Each structure stands twice: as C-alpha cells, then as structure tokens.
Amino acid sequence: VVSKPAFLPTENTKLIKDSVRSRVESELVMRGESTENLHVAHRLDWETSGLLVLARHRDAMRSLTRQFAERTISKAYTADVLGAPPQLTGALELPLATDARNPPRQCVDLREGKGGGKPATTRWAVLLAAEVGTTAGGGGGGGGGGSSGTERGGGADGDANGTDVGAGDCGGGGGEA
C-alpha cells in the first residue's frame, strides 16, 4: 500500500513518465528487488490523493482482483465542493467505460450490451456543511456539496465524477467521468 499524492498518475502516460508505478519500481530496483511481477490492483485519478494497493506477486494480484470484482474491498472518497446539492444524500448510477480517445480516463457509455459501459454506482452524502463564505478541509474524488461556501462531501464508493455521456468510444461531449 502506497500513499499517492494528487496530480501524479497511477501509471505512466504517453506524455508523463513519472507515476506511482515508476516510483515504486525505482525504489524496488534501488533495494535490489525484482519489479517483474509488480501489478497495480486499482487506480486513482491523477488529481486524487489517497492510498493505492499494489501487488508484488501474481497470486496476490489474483486475490486482489477477485476482491475488487466481488466488492469485498470498499473505497471511500472525500471532496471539498462548491454549491448546494438538492438533498443531503444521493446516488448516481451510470455505466462507465474506458475512454478510447483518452485512456486510461473513464467516461459514461450508455450503449447497451457487450460494447457498453459497466454498471457503476456512486453514493454520496454531505458530511459537513460550512457557513456561507467559509471553507472546510477535505481531499480528492467523489462527493457531496453545500451552501454557497465550500462543503465537505464524501461517502462515494465509485469515481463517476464527470458528465461525459457518450456512445461508442465516449469521445463526444462534456468532461471526463
């Protein structure tokens, strides 16, 4: 388990060669250890800070993959947001897929059947409402919202945080999910 800072990708990208993976690999090489079986069990969006799980052996990765698939591992995100949600709790259920034009980004893909997105649910709740004109502390991904000040939301168990709704390769509209 490593602590990923905000604005560092989980994996290298076409343009960015500094990532959690590359830093862990460098550390292992400096210790004289193998990087051959290093696997990233999940990812966090580049702007999100938090704990990231990596596996150092194939069996560990299989176990983690199964746990994520069976949802026996839970994830929670906390975010500072502006604005007031229509209620104190809610859920967003939209199918997510890899954005073919901008991997590894995700997008909402409403196509039905084999080519469409996988079901994803984000549950959110307002945890702390700040007074108008004040701010409250917090950190990356998912979230609720509040009055005209900043609020601390959270309780999200997924990362469908955008409005990009598409068909096919999801390249057609709004921001990323």
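For the single chain, residues carry numbers from 1 onward in sequence order. The structure presented is a predicted model; accordingly, all values stated were derived computationally and were not measured.
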Next on the checklist: Starting from Val20, can I reach Val40 by hopping between I/L/V/M/F/W/Y residues whose side chains sit under 4.5 Å apart?
Outcome noted: yes

Next on the checklist: Membership question, hydrophobic clusters at under 4.5 Å side-chain separation (ILVMFWY): are Val1 and Leu64 in the same one?
Outcome noted: yes

Item to check | Over 12 foreign heavy atoms within 6.0 Å of CD, Glu70 | outcome: yes

Checklist entry - Would the number of heavy atoms belonging to other residues, nucleotides or ligands and lying under 6.0 Å from NZ of Lys118 be above 12? => result no

I'd like to know if the side chain of [X] and the backbone of [Y] have a donor-acceptor N/O pair within less than 3.5 Å.
X	Y	value
Thr13	Ile16	yes
Asp109	Arg111	yes
Thr10	Leu44	yes
Lys4	Trp46	yes
Thr122	Leu92	no
His42	Val53	yes

Checklist entry - Passes side-chain contact (heavy atoms from CB on, under 4.5 Å), Leu54 versus His39? Steps please. => result CA-CA 6 Å; Leu54 289 87; His39 301 279; over 6 Å; no

Next on the checklist: Would Val126 and Thr89 count as a side-chain contact (heavy atoms from CB on, under 4.5 Å) here? Give the steps.
Outcome noted: CA-CA 6 Å; Val126 174; Thr89 62; over 6 Å; no

Next on the checklist: If we check side-chain contact (heavy atoms from CB on, under 4.5 Å) with Arg21, which of these qualifies: Val2, Thr35, Leu38, Asn12?
Outcome noted: Leu38

About how many Å separate [atom2] of [Y] and [atom1] of [X], when rounded to the nearest 0.5 Å?
X	Y	atom1	atom2	result
Asp45	Phe7	CG	CZ	11.0 Å
Leu8	Ser3	CG	OG	10.5 Å
Phe68	Ser63	CZ	OG	10.5 Å
Thr65	Arg58	OG1	CZ	12.0 Å

Looking only at heavy atoms, what is the nearest atom pair of [X] and [Y], with distance?
X	Y	result
Gly117	Ala97	CA-CB, 3.9 Å
Ala91	Arg123	CB-CG, 4.0 Å
Ala6	Glu47	CB-O, 3.5 Å

List the atom pairs, donor and acceptor, that lie under 3.5 Å between side-chain atoms in residues 24-31 and the rest of the protein, sequence neighbours left out.
unit_1: Ser26; atom_1: OG; unit_2: Ser22; atom_2: O; d: 3.0
unit_1: Glu27; atom_1: OE2; unit_2: Arg31; atom_2: NE; d: 3.3

Item to check | pair Arg23-Asp18: side-chain heavy atoms closer than 4.5 Å | outcome: yes

